[in-house]
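This report concerns only the one structure given below.
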Amino acid sequence: MERTSERSSTEGAPPPAVVRVMPTTEELSGFFWTSGRDGVLRLLGCDACGYLIHPPVGYCPACQGRETSPTPVSGRGTLYSFTVNHQPWDGVGDLYVIGLVELEEQPEVRLLTNVVGVDPSDVRVGMPVEVVFEDHDPVFLPLFRPVAA
């Protein structure tokens, strides 16, 4: 039996571009992924009590209300926790920061996201951050960067 080469036919080629799997714009969370088109972060808000609901569900966990709607928020928050990814899962191998951001309006609402625009060694818990959007029209991914001093 003849052995085949284990070498890839793309050896020496540049690494592949980072490919993100985009979320669906259907269902209840669709507005969240498309709302960044105008640069505004929106979360589902309870029409009765104003509680912000994330991830989106069809009722308010605070008052049990069933009337909810996309609600604009400031897009400002604080980095609650983070990790720096060193594993080249994406085929490129660049370092990137995965952060958990508490939103200014309601700290118990936390978004898992990427922290951008900063060297990973300069990222700190408690760092003030603001939303920026990565355009993958129709999806606009909410990422966060440090607030300029």
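FYI, side chains are in, hydrogens and waters are out, and symmetry mates aren't considered; it's all heavy atoms of this structure.
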Exercise. Start with the C-alpha gap between Val97 and Thr83, add the side-chain angles, then the distance that decides, and say whether side chain to side chain contact (heavy atoms under 4.5 Å, CB included) holds.
Key: CA-CA 6 Å; Val97 179; Thr83 187; over 6 Å; no
Quiz prompt | Minimum heavy-atom distance between Ser74 and Glu105, given as atom pair plus value | solution = N-OE2, 2.6 Å
Quiz prompt | From NE2 (His136) to CG (Leu141), nearest 0.5 Å | solution = 5.0 Å
Quiz item: Does the side chain of Met22 reach to within under 4.5 Å of the side chain of Trp33, using non-hydrogen atoms?
Solution: no
Quiz prompt | Student check: side-chain heavy atoms of Ile53 and Pro61 closer than 4.5 Å | solution = yes
Quiz item: Hey, are Asp137 and Arg37 close enough for a salt bridge, meaning a charged N less than 4.0 Å from a carboxylate O?
Solution: yes
Quiz item: Going through the distances and angles, do Leu143 and Arg145 end up as a side chain to side chain contact (heavy atoms under 4.5 Å, CB included)?
Solution: CA-CA 7 Å; Leu143 310 177; Arg145 67 179 176 206; over 6 Å; no
Quiz item: From Glu134 CD over to Asn114 CG, what is the distance, rounded to the nearest 0.5 angstrom?
Solution: 8.0 Å
Quiz item: Hey, does the side chain of Thr113 reach the backbone of Pro142 with a donor-acceptor pair shorter than 3.5 angstrom?
Solution: yes
Self-check item: Which atom of Asp47 lies closest to which atom of Ser69, heavy atoms considered
Solution: OD1-OG, 2.7 Å
Quiz item: Any chance CD of Glu26 has more than 12 other-residue heavy atoms, nucleotides or ligands included, within less than 6.0 Å?
Solution: no
Exercise. Find the distance between CD (Gln106) and CG (Leu43) and round it off to the nearest 0.5 Å.
Key: 8.5 Å
Quiz prompt | Shared hydrophobic cluster for Val84 and Ile98 (ILVMFWY, side-chain gaps under 4.5 Å) | solution = no
Quiz item: Centre of Tyr80's six-membered ring, under 6.0 Å away, within 45 degrees of the axis: is that where NZ or CZ of Arg110 sits?
Solution: yes
Self-check item: Within-4.5 Å side-chain heavy-atom neighbours: Pro55 and Ser29
Solution: no
Practice problem: May I ask you to test the Leu52-Leu44 pair for a side-chain heavy-atom distance under 4.5 Å? | Solution: no
Quiz item: Any chain of hydrophobic side-chain contacts (each under 4.5 Å) joining Val147 to Val73?
Solution: no
Quiz item: Is it true that Val115 and Leu100 fall in one hydrophobic cluster, defined by side-chain heavy atoms closer than 4.5 Å?
Solution: no
Exercise. Starting from the C-alpha separation in whole Å, work towards a yes-or-no answer on side chain to side chain contact (heavy atoms under 4.5 Å, CB included) for Leu79 and Arg124.
Key: CA-CA 7 Å; Leu79 190 59; Arg124 301 285 179 261; over 6 Å; no
Quiz item: Are side-chain heavy atoms of Cys46 and Cys63 found at a separation under 4.5 Å?
Solution: yes
Quiz prompt | Same apolar cluster (I L V M F W Y, side chains within < 4.5 Å links), Leu112/Tyr96 | solution = yes
Quiz item: CD/Gln87 to CG/Asn85 distance, rounded to the nearest 0.5 angstrom?
Solution: 7.0 Å
Quiz prompt | Over 12 non-hydrogen atoms of neighbours within 6.0 angstrom of CD in Gln64 | solution = yes
Quiz item: Would you call Phe31 and Arg42 a side-chain contact if the rule is heavy atoms closer than 4.5 Å?
Solution: yes
Quiz item: Does the side chain to side chain contact (heavy atoms under 4.5 Å, CB included) test come out yes or no for Phe144 and Leu111, once each step is laid out?
Solution: CA-CA 10 Å; Phe144 284 79; Leu111 300 180; 4.0 Å; yes
Quiz item: About how many Å separate CZ of Phe133 and OG1 of Thr34, when rounded to the nearest 0.5 Å?
Solution: 10.0 Å
Quiz item: Can you get from Val109 to Val101 by hopping between Ile, Leu, Val, Met, Phe, Trp and Tyr side chains that sit under 4.5 Å apart?
Solution: yes
Quiz item: If you measure from CZ on Arg76 to CG on Leu41, what distance do you get to the nearest 0.5 Å?
Solution: 11.5 Å
Exercise. Identify the two heavy atoms, one from Ser35 and one from Phe32, that lie closest to each other, and give their separation to 0.1 Å.
Key: OG-O, 3.5 Å
